[in-house]
Amino acid sequence: MLISFLSLAFGLVLILIAAEFFTNGIEEFGRHFSFSQAVVGSIFAAVGTALPETILPVVAIFMYGGASAKEIGVGAILGAPFMLSTLAFFLVGLTVTVAALRKKRNFELRVEVLSIRRDLVFFLVMYSSAIVLPIIGGKATLVPISFGLIALYVLYAYMTFRGESADMEHTEGMYAWKVLRRLRPALSLQHPPLFLILFQIIAALAVMIKGAHTFVQSLELVSMKFGMDPLIFALLLAPVATELPEKFNSVTWTWKGRDTLALGNISGAMVFQSTFPVSVGLLYTDWNITGMALFSAVLAIVSAAAVIGVITVTKRIPPFVMLFGGFLYLVYAGVLIFR
């Protein structure tokens, strides 16, 4: 048991360290190419940190192929948007609250409202279509919806690149570059080369994936030791762990006051997760969304709609609406456990 807890802690530490190096590297990548905060947060950081949980359903569906494996794949596909729109939102609100109580920052989210709203509107349209239209139109709609989702993501990426957004702030140097400059003081380059930036990003992402994998394995062992229902573990705890990269990246950025990057990482991942993984589910599974799976999708849609509604009315995103995501997760957990 002690080894399981130590392994759990080790996986968490790996994720924390890797998240710091990843966000640091992705910021430098954005500055290197003069990309905006919206592009860096919603496209590059979102897609990069979404890869671990995107691979899970693909492996389950294509490499195992059985009916139960496909059900696991569909569960993983639906679990990602749910966790992002509930727990990830909650952690951003909680980070702002804790930082404000410690006088590190004001109790507000300083974000580019238009870019975050664009992300959430795309998510709402795409994810709702993937859930509702097959129920109404049946299996004949699955292929058209999947291709429509891909087309919408291309449009989303185009609008994000072309949209108005502030440039990356130059606040701190890249960690790998600082180490290299100390080792080679006579180095004539003033800015980190692209290969070093990519090395830090890819290495941090690899460590992050390893940490998440270690965390999930250890969490599963601990849950079994305490006699937890495997179904509850699969629906509640495993998705929490696989979404840790986005969560810790966003916490890191929120603590530093990079709110647009923090929320863009989450909302951009929501758009990505409602596109490619969902298309795989539509094309290669029965996509029969009922019961708790449907309930999780409804809660994800409600959470995104709540934030869009608040933005429309107030033209900002109060931390309280982020904390609302945690309440929705507790509702889901309560219904699942008491069932």
Side-chain angles (χ1 to χ4, degrees), residues 19 22-54 80-81 83-89 91-93 95 109-127 149-169 197 201 204-205 208 243 245-254 256-279 300 303-305 307-308 310-311 316-317 321-322 325:
F22 181 84
T23 55
N24 174 259
I26 210 73
E27 286 180 42
E28 191 64 43
F29 181 80
R31 283 192 289 265
H32 184 87
F33 288 102
S34 299
F35 287 130
S36 67
Q37 293 188 92
V39 170
V40 172
S42 297
I43 301 292
F44 295 118
V47 172
T49 53
L51 289 178
E53 62 271 21
T54 302
M83 290 298 164
L84 289 168
S85 60
T86 55
L87 273 187
F89 276 4
L91 284 177
V92 168
T95 303
L109 282 166
R110 299 182 295 274
V111 300
E112 294 174 359
V113 174
L114 291 179
S115 65
I116 301 301
R117 185 176 184 273
R118 177 181 61 237
D119 289 4
L120 295 179
V121 167
F122 266 96
F123 167 76
L124 200 61
V125 171
M126 296 159 73
Y127 197 55
L149 293 179
I150 301 299
L152 281 175
Y153 189 82
V154 172
L155 175 63
Y156 161 76
Y158 173 79
M159 291 179 65
T160 303
F161 273 94
R162 294 295 300 270
E164 294 184 4
S165 176
D167 294 332
M168 293 294 301
E169 300 174 1
I197 298 173
I201 292 173
L205 188 60
M208 204 183 303
E243 295 295 339
E246 285 94 340
K247 294 181 181 73
F248 279 111
N249 283 346
S250 295
V251 166
T252 298
W253 269 323
T254 303
K256 295 178 180 179
R258 310 313 205 260
D259 296 341
T260 294
L261 292 172
L263 277 183
N265 188 193
I266 296 172
S267 60
M270 289 167 64
V271 177
F272 181 81
Q273 294 290 5
S274 64
T275 306
F276 294 99
V278 169
S279 295
S303 182
V307 178
I308 292 173
V310 170
I311 290 175
R316 61 191 184 90
I317 305 179
V321 76
M322 295 286 101

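- Here the straight-line distance linking atom OG1 of T95 with atom CG of L109 works out to 9.5 Å at 0.5 Å rounding.
- Counting heavy atoms from C-beta on, the side chains of R118 and L114 never come closer than 4.5 Å.
- Across every non-hydrogen atom of Q273 and A80, the tightest pair is CD-CB, 3.8 Å.
- Taking the side-chain hydrogen bond (donor to acceptor under 3.5 Å, both in side chains) definition, one finds that Y156 meets it with D119, sequence neighbours left out.
- Here the closest non-hydrogen pair linking A262 and T254 is CB-OG1, 3.2 Å.
- Across L84, N265, L124, a single residue satisfies side chain to side chain contact (heavy atoms under 4.5 Å, CB included) together with M270, and that is L84.
- Taking the side chain to side chain contact (heavy atoms under 4.5 Å, CB included) definition, one finds that I150 meets it with T275, F276, S279, sequence neighbours left out.
- Under the ring-ring contact (aromatic ring centres under 6.0 Å, His included) criterion, F161 pairs with F35, sequence neighbours left out.
- A pairwise comparison of heavy atoms in I311 and R117 identifies CG2-CD, 3.8 Å as the closest pair.
- When the salt bridge (charged side-chain N to carboxylate O under 4.0 Å, His left out) test is applied to R316, no partner is found at least two apart in sequence or on another chain.
- Looking only at side-chain heavy atoms (C-beta outward), F29 and V40 stay at 4.5 Å or farther from each other.
- Residues satisfying the side chain to side chain contact (heavy atoms under 4.5 Å, CB included) test with L152, not counting sequence neighbours, are F122, M126, L155.
- Taking S274 as the reference, nothing meets the side-chain hydrogen bond (donor to acceptor under 3.5 Å, both in side chains) condition, with sequence neighbours excluded.
- Remark: H32 NE2 to E27 CD distance equals 15.5 Å, nearest 0.5 Å.
- Of all heavy-atom pairs spanning L120 and S267, the tightest one is CD2-CB, 4.1 Å.
- Considering only heavy atoms from C-beta on, L263 stays 4.5 Å or farther from D259 through its side chain.
- Scored by the side-chain hydrogen bond (donor to acceptor under 3.5 Å, both in side chains) test, S85 finds no partners at all (sequence neighbours excluded).
- Between S303 and G325, the closest heavy-atom pair is OG-CA, 4.4 Å.
- In this view, T260 and Q37, V111, E112, S115 satisfy the side chain to side chain contact (heavy atoms under 4.5 Å, CB included) rule, not counting sequence neighbours.
- For the residue pair T160 and S42, the shortest heavy atom distance occurs at CG2-CB, 4.5 Å.
- Among residues two or more places apart in sequence or in another chain, the ring-ring contact (aromatic ring centres under 6.0 Å, His included) test is passed with F22 by none.
- Residues satisfying the side chain to side chain contact (heavy atoms under 4.5 Å, CB included) test with T86, not counting sequence neighbours, are F82, L328, Y329.
- The distance from atom CE of M322 to atom CD1 of I266, rounded to the nearest 0.5 Å, is 7.5 Å.
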* Apply side-chain contact (heavy atoms from CB on, under 4.5 Å) to I26 and I201, showing your working. => CA-CA 6 Å; I26 210 73; I201 292 173; 3.9 Å; yes
